[in-house]
Amino acid sequence: MFHNSSRGLFTFLLMLLEWTRPGLPSPLRPICDLRVLKHFIEEARDAQAAMLTCKEGCGLPEPVTVPQTKVDFSVWERKNALEQAQEVQSGLWLLNQAIGSLRASVTNTALQSHIDNSLINIFRIGKVLRSLNIQECTPPAGGVPGGEETWRVSSASELLQVHVNFLRGKLQLLLSNAPVCH
């Protein structure tokens, strides 16, 4: 467990040092290496595995709204880069809200550290997106509207599965096709 935490901390420190290197007047350098995303996916899977072993104190208090993870590639490719970015940013916002709700209700300390990692990684993913000149999209005051791009889950294991699938799907598509990386 300590090994995973130290690996995540080490990755974050490397990214932070790269971004704060003195003498660079330019904005963040693009992070185009998909191994960074692979790291986030591995940690999301670790949280999912921890959830499966949790016996008590690890449930959602009520159903939460999450992003749809299915990707219709013909529809996705017809969207422009801004629409794709908005969809991913909205999905990350929903995941942050849902995982934050889970965090507030979980009493299992082993699972709490994985959930904390998931929340921190969503923040880090935002930094990666900004490094790629993908601006943060702020959802409307009422949150992301429901519809075909969202659905509701009622269990923590479903939520963490959605988190993994979202990272492996829409986020990976967005990052792998980021214009500044080509």
Side-chain angles (χ1 to χ4, degrees), residues 4-5 8 11-12 15 31 36-52 54 56-72 75-76 79 81-132 134-175 178:
N4 285 340
S5 297
T11 301
F12 177 70
M15 290 171 29
I31 299 172
V36 172
L37 176 59
K38 183 179 178 208
H39 170 76
F40 295 140
I41 293 169
E42 286 173 9
E43 289 198 351
R45 283 186 177 141
D46 291 345
Q48 184 181 21
M51 179 67 232
L52 294 175
C54 185
E56 59 183 60
C58 43
L60 277 171
E62 60 187 15
V64 292
T65 303
V66 294
Q68 188 63 254
T69 58
K70 287 188 284 185
V71 178
D72 181 337
V75 172
W76 180 263
K79 293 180 180 186
L82 179 61
E83 291 170 322
Q84 291 173 349
Q86 287 174 333
E87 186 170 332
V88 168
Q89 291 280 17
S90 294
L92 289 171
W93 185 85
L94 282 171
L95 285 170
N96 190 58
Q97 298 300 308
I99 294 171
S101 175
L102 176 62
R103 173 64 177 95
S105 68
V106 165
T107 58
N108 181 298
T109 54
L111 185 56
Q112 283 176 341
S113 67
H114 287 286
I115 294 170
D116 290 341
N117 240 6
S118 295
L119 291 169
I120 290 167
N121 284 344
I122 290 172
F123 174 77
R124 291 176 185 164
I125 290 167
K127 294 273 190 196
V128 170
L129 294 176
R130 280 190 292 286
S131 83
L132 299 174
I134 297 172
Q135 297 303 311
E136 191 169 349
C137 301
T138 307
V144 177
E148 64 182 62
E149 297 301 322
T150 64
W151 60 299
R152 296 187 53 82
V153 296
S154 55
S155 76
S157 59
E158 284 179 297
L159 168 58
L160 296 175
Q161 180 64 53
V162 167
H163 182 215
V164 170
N165 290 347
F166 187 83
L167 298 180
R168 290 179 54 226
K170 292 181 181 180
L171 181 63
Q172 185 163 353
L173 282 171
L174 182 68
L175 294 179

Review point. Hey, does H114 have a side-chain heavy atom less than 4.5 Å from the side chain of D46?
Key: yes
Review point. Taking atom OG of S105 and atom CD1 of I115, what is their separation to the nearest 0.5 Å?
Key: 7.0 Å
**Study point:** side chain to side chain contact (heavy atoms under 4.5 Å, CB included) against N165, all qualifying residues, sequence neighbours excluded
**Key:** T69, Q161, R168
Practice item. Enter the distance from Q97:CD to I122:CD1 here, rounded to the nearest 0.5 Å. Key: 9.5 Å
Practice item. Not counting sequence neighbours, which residues clear side chain to side chain donor-acceptor pair (under 3.5 Å) with D116? List them please. Key: R103
Review point. Q48 versus H163: any side-chain heavy-atom pair under 4.5 Å?
Key: no
Exercise for review: Return the set of residues passing salt bridge (Lys or Arg N to Asp or Glu O under 4.0 Å) with E158 (not counting sequence neighbours), or none when no residue passes.
Suggested key: none
Review point. Has K79 got more than 12 heavy atoms of other residues, nucleotides or ligands less than 6.0 Å from its NZ?
Key: yes
Review point. For the side chain of Q112 and the backbone of V106, is there at least one donor-acceptor N/O pair under 3.5 Å apart?
Key: yes
Practice item. Drop me the distance from K170's NZ to L92's CG, to the nearest 0.5 angstrom. Key: 11.0 Å
Point to revise | L60 side chain reached by L102 side chain, heavy atoms, under 4.5 Å | key: yes
**Study point:** Option passing side chain to side chain contact (heavy atoms under 4.5 Å, CB included) with P67 (candidates T150, L171, V162)
**Key:** V162
Review point. If you round to the nearest 0.5 Å, how far is CE of M51 from CG of L160?
Key: 7.0 Å
**Study point:** Residue pair V36 / I125, side-chain heavy-atom distance below 4.5 Å
**Key:** no
Check your understanding: Would I134 and Q89 count as a side chain to side chain contact (heavy atoms under 4.5 Å, CB included) if you check the C-alpha gap in whole Å, the side-chain angles of each, and the deciding distance to 0.1 Å?
Key -> CA-CA 9 Å; I134 297 172; Q89 291 280 17; 4.2 Å; yes
Exercise for review: Side-chain contact test, heavy atoms from C-beta onward, threshold under 4.5 Å: evaluate it for E87 versus L174 and give yes or no.
Suggested key: no
Revision key, fill the gap. CG (N108) and SG (C54) are apart, to the nearest 0.5 Å, by 4.0 Å
Practice item. Indicate the atoms forming the closest heavy-atom contact of F166 with Q68, along with that distance. Key: CD1-O, 4.4 Å
Review point. About how many Å separate CG of N121 and CG of N96, when rounded to the nearest 0.5 Å?
Key: 11.5 Å
